[in-house]
Amino acid sequence: MVYYFFPAKTIFQYNTHIREVFSMKMSQLFGNRLKEDPADATTFSHKFLVRGGYVRPVSAGIYSLLPVGKRVIAKIENIIRQEMDRVGGQEVLMPVVLPADLWVESGRYQSVGAELLRFTDRNNKAMVLGMTHEEASCQIARTEINSYKQLPVMIYQIQTKYRDEARPRAGLLRVREFTMKDAYSFHTSQEDLDAYYQELHAAYERIFRRVGMKHVVSILSNTGMMGGSVSHEFMLLADCGEDNIFLSPDGKSYKANREVAVSGLKFERNGEELPLEKVATPHSKTIEEVATFLNVTPAQTGKAVFYSTEDGKELIFVLIRGDFEVNECKLKNVLGLNAIKFADDNLIRACGAVPGYASPVGIAEVPGKVRLVIDPSAAGTVNLVVGANEEGFHYKNFNYGRDMTGGLVADVACVREGDPCPVTGEPLQFKHGIEIGNIFQLGLKYSKSMKVNYLDKDGKSKPMYMGCYGIGVGRTMASVIEDNHDDYGPIWPMSIAPYQVHIVALQPNGTDSGEKAEALYRDLQAKGVEVLYDDRGEKAGFMFSDADLLGIPFRVIVSLKTLANGMVEFRTRASRDSEMIPVEQAAEVLAQRVRAELDRYL
RNA sequence: CGGGGUAUAGCUCAGUCUGGUAGAGCGCGUGCUUUGGGAGCAUGAGGUCGCAGGUUCGAGUCCUGUUGCCCCGACCA
């Protein structure tokens with residue numbers, strides 16, 4: 001039987017829902033460190049989370065948390081709770097399993113794809129596993145909120161979500177089952193929602209700073225399946241990130257996801273419009289081939305890109321200058337469509353176009369069959385080379401407005417690295433990011449369809465303005481590692497480290513080293529410090545490499561060598577510089593330093 | 001959902017081409033020696049070789065099917 005020493009008061013109030021254990025001996029710690037990288041790990045966080053014994057894979061994208069991982073997660077959750085409470089949030093808990101009816105009400109039972117896991121219960125009732133809880137929060141909001149006097153209000157939960165991801169990857173960075181903090185706010189006006197959105201934005205900045213991430217930016221993002229208008233994503237800048245971000249050089253003026261990013265490029269129709277001229281361009285289908293053949297730059301060409309609606313019935317013709325790529329997300333947004341795909345050649349031919357030589361000359365919008373979208377790059381440049389709708393021929397000197405009219409002129413171009421920032425005009429920088437949180441203004445999207453109404457001052461029933469705000473907890477833990485590690489393991493910030501001080505006793509068995517280490521272990525606990533004590537008496541290098549994987553910010557090495565001078569050795573996980581501290585003062589000095597370090601994350 | 005890969009001990013892998021009845025390193029147990037950056041010696045435990053059929057006297061190995069997992073892409077609050 002193991003007996004733990006319980007301090008009366010701890011520096012860090014470590015709230016779990018179970019018995020509180022502040023300290024641990026390595027000889028009793030559940031979960032092993034691994035000396036070799038898992039074969040399938042490609043990111044630092046994936047390698048270290050598995051090797052350090054924080055998580056274990058159970059199935060594709062499904063993980064168990066081991067004790068040290070659970071402690072990190074609990075601390076992250078606690079910081080999130082504090083900051084949510086600080087902006088007036090009230091914690092609730094909604095079910096993981098939800099009736100499909102609720103999702104039918106909001107319309108998402110139909111609109112969301114296969115990532116929503118659907119099943120039936122024993123009574124053959126349709127159910128879903130919650131992937132996000134707008135519907136559930138609407139359901140409780142509409143039953144609890146009757147009057148404007150009860151608004152605004154924000155509820156949040158920290159709950160398991162399930163998304164049936166097509167391809168989980170990179171350890172905890174992209175999983176199927178995960179823990180998420182999701183918050184929902186309800187307001188009487190757009191103005192009130194705007195103001196609260198800013199408060200949440202500030203709360204998020206505090207959270208990510210407090211968990212120890214240094215390279216987080218909030219960027220403009222696409223609203224996607226959530227609907228609504230305004231949204232921001234909080235991104236940790238990291239090479240392994242899956243998201244593509246454009247930033248102004250100052251990192252502040254403009255920040256946007258590539259899905260929605262715009263550039264400050266201006267297209268001016270300078271130059272005389274020359275007569276349209278048909279030229280032979282044998283075996284030249286791609287922009288590169290045509291430009292080379294006619295000795296022009298891709299920027300002097302226009303390309304036709306064909307998409308279709310998801311059912312494949314309606315053709316979408318996009319004309320864009322040859323040096324740009326179509327941004328499908330922006331295209332979907334301007335068309336108001338949830339999904340598009342590349343058109344197949346049969347549909348293109350059926351609409352009278354010749355794939356590879358398709359021409360904007362002569363094509364016309366046909367309601368229900370053909371839609372035209374012209375990017376400003378093509379509309380705003382004179383004398384382009386475009387297809388002639390005939391195998392082996394192109395037109396020179398195409399001018400929109402003269403040789404083609406109609407269609408929707410809208411920005412559907414991908415921003416390119418180096419394009420001018422729309423705010424400052426300086427070249428935009430391209431970065432990868434990990435999305436760790438997002439905030440959305442949902443407006444009335446859900447409250448209308450789900451009848452989330454309140455009685456206003458004027459006695460009339462009105463729908464509430466809604467916002468929703470998410471943070472991936474496990475992804476945050478992995479991201480902190482991506483942002484804080486060396487070649488040997490994580491370097492945990494004191495605020496979320498599994499323990500605060502790691503005591504390593506060299507040759508502890510039956511020696512002064514063991515006795516002093518044990519005493520320090522107890523003294524630190526008495527002072528409220530969370531201690532991990534490596535009492536195993538393994539080889540020094542073996543214990544040090546385990547300590548590196550555990551990443552505890554402060555390390556104390558107790559050995560006969562330094563005890564001979566009455567000292568123990570102190571070093572931080574980050575710096576590896578060492579310092580001698582008199583053994584009788586060690587507990588007090590360490591407790592003070594832990595306290596000082598924790599204060600940096602308040 | 002397309003393309004590629006892979007499945008043998010807790011982990012990392014060899015053995016498959018050329019069929020003959022299970023291997024290494026790490027980890028784990030025991031003993032002795034060791035102890036400031038992944039210790040040594042000795043001795044053990046641990047695998048119906050993903051699953052199901054088939055060929056064969058005999059299948060980890062060959063054939064067919066199937067499933068899991070990983071990577072790239074598509075997709076994705």
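Quick caveat, the model's predicted, so the values are computed rather than measured. Lettering of chains follows the sequences in order, A, B, ..., and the numbering in each one begins at 1.
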Requested in this report: Measure the distance from CD on Glu115(A) to P on C1(B) and round it to the nearest whole Å.
Outcome: 13 Å

Query raised in the report: Taking atom C1' in both C49(B) and G19(B), what distance in whole Å separates the two?
Result: 15 Å

**Report entry** Which residue lies more 5' along RNA chain B, comparing Gly171(A) with Glu435(A) via nearest heavy atoms
**Finding:** Gly171(A)

Report task. Check every strand shown and say whether Pro168(A) touches a base, only sugar-phosphate, or nothing at a heavy-atom separation below 4.0 Å. Result -> sugar-phosphate

Is there any protein nitrogen or oxygen under 3.5 Å from a nitrogen or oxygen in nucleotides 32-36 of chain B, and what are the pairs?
residue, atom, partner, partner atom, Å
U35(B), O2', Gln507(A), NE2, 2.7
G36(B), N7, Ser559(A), OG, 3.3
G36(B), O6, Ser559(A), OG, 2.0
G36(B), N1, Glu569(A), OE1, 2.6
G36(B), N2, Glu569(A), OE1, 2.2
G36(B), N2, Glu569(A), OE2, 3.0

Query raised in the report: RNA chain B: Glu259(A) or Arg51(A), which has the more 5' nearest nucleotide?
Result: Arg51(A)

Report summary line: Applied to residues 555-564 of chain A, the side chain to side chain donor-acceptor pair (under 3.5 Å) test, sequence neighbours excluded, yields Asp548(A)-Arg555(A), Ser559(A)-Thr562(A)

Query raised in the report: What's the closest nucleotide to the Ala60(A) side chain, out of C75(B), G37(B), C69(B)?
Result: C69(B)

Query - Side-chain H-bond candidate by donor/acceptor type, Thr132(A) with Glu134(A), under 3.5 Å - result: yes

Query raised in the report: Who passes side-chain contact (heavy atoms from CB on, under 4.5 Å) against Ala141(A), sequence neighbours left out?
Result: Ile145(A), Phe186(A), Val452(A)

**Report entry** Results of ring-ring contact (aromatic ring centres under 6.0 Å, His included) for Phe306(A) - residues two or more places apart only
**Finding:** Phe317(A)

**Report entry** Touch class at under 4.0 angstrom, heavy-atom based, for Phe178(A) against every strand present
**Finding:** base

Report task. Return the nucleotide paired to U56(B): Watson-Crick means purine N1 to pyrimidine N3 with N6-O4 or O6-N4, wobble means G-U with N1-O2 and O6-N3, both under 3.5 Å. Result -> none

**Report entry** Nearest-Å distance once atom P is located in both A9(B) and G46(B)
**Finding:** 15 Å

Query raised in the report: Between Arg142(A) and Glu105(A), is there a salt bridge with N-O shorter than 4.0 Å?
Result: yes

Requested in this report: Would you please confirm or rule out a distance under 4.0 Å between OP1 or OP2 of A74(B) and any side-chain N or O of Arg167(A)?
Outcome: no

Report summary line: Rounded to whole Å, CD of Glu328(A) lies from P of A74(B) at a distance of 9 Å

**Report entry** Exceeds 12 heavy-atom contacts within 6.0 angstrom, atom CD of Glu325(A)
**Finding:** no

Query raised in the report: Using atom C1' of each nucleotide, how far apart are U8(B) and G50(B) to the nearest Å?
Result: 10 Å

Requested in this report: Could you check which nucleotide pairs with C75(B) in any of the strands shown, counting Watson-Crick or G-U wobble with both distances under 3.5 Å?
Outcome: none

Requested in this report: Go ahead and name the base partner of U21(B); Watson-Crick or wobble counts if both distances stay under 3.5 Å, otherwise write none.
Outcome: none

Query raised in the report: Paired with G65(B) by Watson-Crick or G-U wobble geometry, both distances under 3.5 Å: which nucleotide is it?
Result: C51(B)

Query raised in the report: Which salt bridge (charged side-chain N to carboxylate O under 4.0 Å, His left out) pairs, counting each pair once, include a residue from residues 466-480 of chain A, with sequence neighbours left out?
Result: none

Query raised in the report: For Tyr109(A), is the NZ or CZ atom of Arg118(A) found under 6.0 angstrom from the centre of its six-membered ring and inside 45 degrees of the ring axis?
Result: yes

Requested in this report: Could you measure between the two P atoms, the one in A22(B) and the one in U18(B), and give it in whole Å?
Outcome: 23 Å

Query - side-chain N/O Ser59(A) vs C69(B) OP1/OP2, d < 4.0 Å - result: yes

Requested in this report: Could you check whether Lys332(A) gets within reach of a base, just the sugar-phosphate, or nothing at all, counting any heavy atom under 4.0 Å?
Outcome: sugar-phosphate

Requested in this report: Kindly write out the residues that satisfy ring-ring contact (aromatic ring centres under 6.0 Å, His included) with His502(A), not counting sequence neighbours, or none if the list is empty.
Outcome: none

Requested in this report: Could you check how far CG of Asp164(A) sits from P of A74(B), rounded to whole Å?
Outcome: 20 Å

Requested in this report: Name the pairing partner of C41(B), where a pair is Watson-Crick or G-U wobble with both distances under 3.5 Å, or state none.
Outcome: G31(B)

Query raised in the report: Expressed in whole Å, how much space separates the C1' atoms belonging to G25(B) and G20(B)?
Result: 27 Å

Query raised in the report: Looking only at atom P, what distance separates A74(B) and G40(B), rounded to whole Å?
Result: 48 Å

Query - Length of the line joining Lys47(A):NZ and C71(B):P, which is rounded to integer Å - result: 12 Å

Query - Contacts of type side-chain hydrogen bond (donor to acceptor under 3.5 Å, both in side chains), residue Glu435(A), not counting sequence neighbours - result: Asn438(A)

Query raised in the report: Please give, in whole Å, the distance from G37(B) P to Arg573(A) CZ?
Result: 16 Å

Query - ring-ring contact (aromatic ring centres under 6.0 Å, His included) partners of Phe570(A), counting only residues at least two apart - result: Phe554(A)

Requested in this report: Could you tell me the separation between the CZ atom of Arg33(A) and the C1' atom of C26(B), rounded to a whole number of Å?
Outcome: 15 Å

Query raised in the report: Roughly how many Å is it from CG in Asp487(A) to C1' in G37(B), rounded to a whole number?
Result: 15 Å

Query raised in the report: Given the C1' atoms of A59(B) and G54(B), what is the spacing between them in whole Å?
Result: 11 Å

Report task. Inspect the surroundings of NZ in Lys431(A) and state if more than 12 heavy atoms from other residues, nucleotides or ligands are less than 6.0 Å away. Result -> no

Query raised in the report: If the sugar-phosphate is the primed atoms plus P, OP1 and OP2 and the base is the rest, what is the B/S/- string for nucleotides 3-13 of chain B, using protein heavy atoms under 4.0 Å?
Result: --------BSS

Query - Partner set under ring-ring contact (aromatic ring centres under 6.0 Å, His included) for Tyr162(A), not counting sequence neighbours - result: none

Set out, line by line, the N/O atom pairs under 3.5 Å between protein and nucleotides 43-47 of chain B.
none

Query raised in the report: When the P atoms of U61(B) and C51(B) are considered, how many whole Å apart are they?
Result: 10 Å

Report task. Could you check how far CD of Glu165(A) sits from P of C72(B), rounded to whole Å? Result -> 14 Å

Return a table of donor-acceptor pairs under 3.5 angstrom between the side chains of residues 42-49 of chain A and protein atoms on other chains or two or more places apart.
residue, atom, partner, partner atom, Å
Thr43(A), OG1, His46(A), N, 3.3
Ser45(A), OG, Glu482(A), OE2, 2.7
His46(A), ND1, Gly171(A), N, 3.4

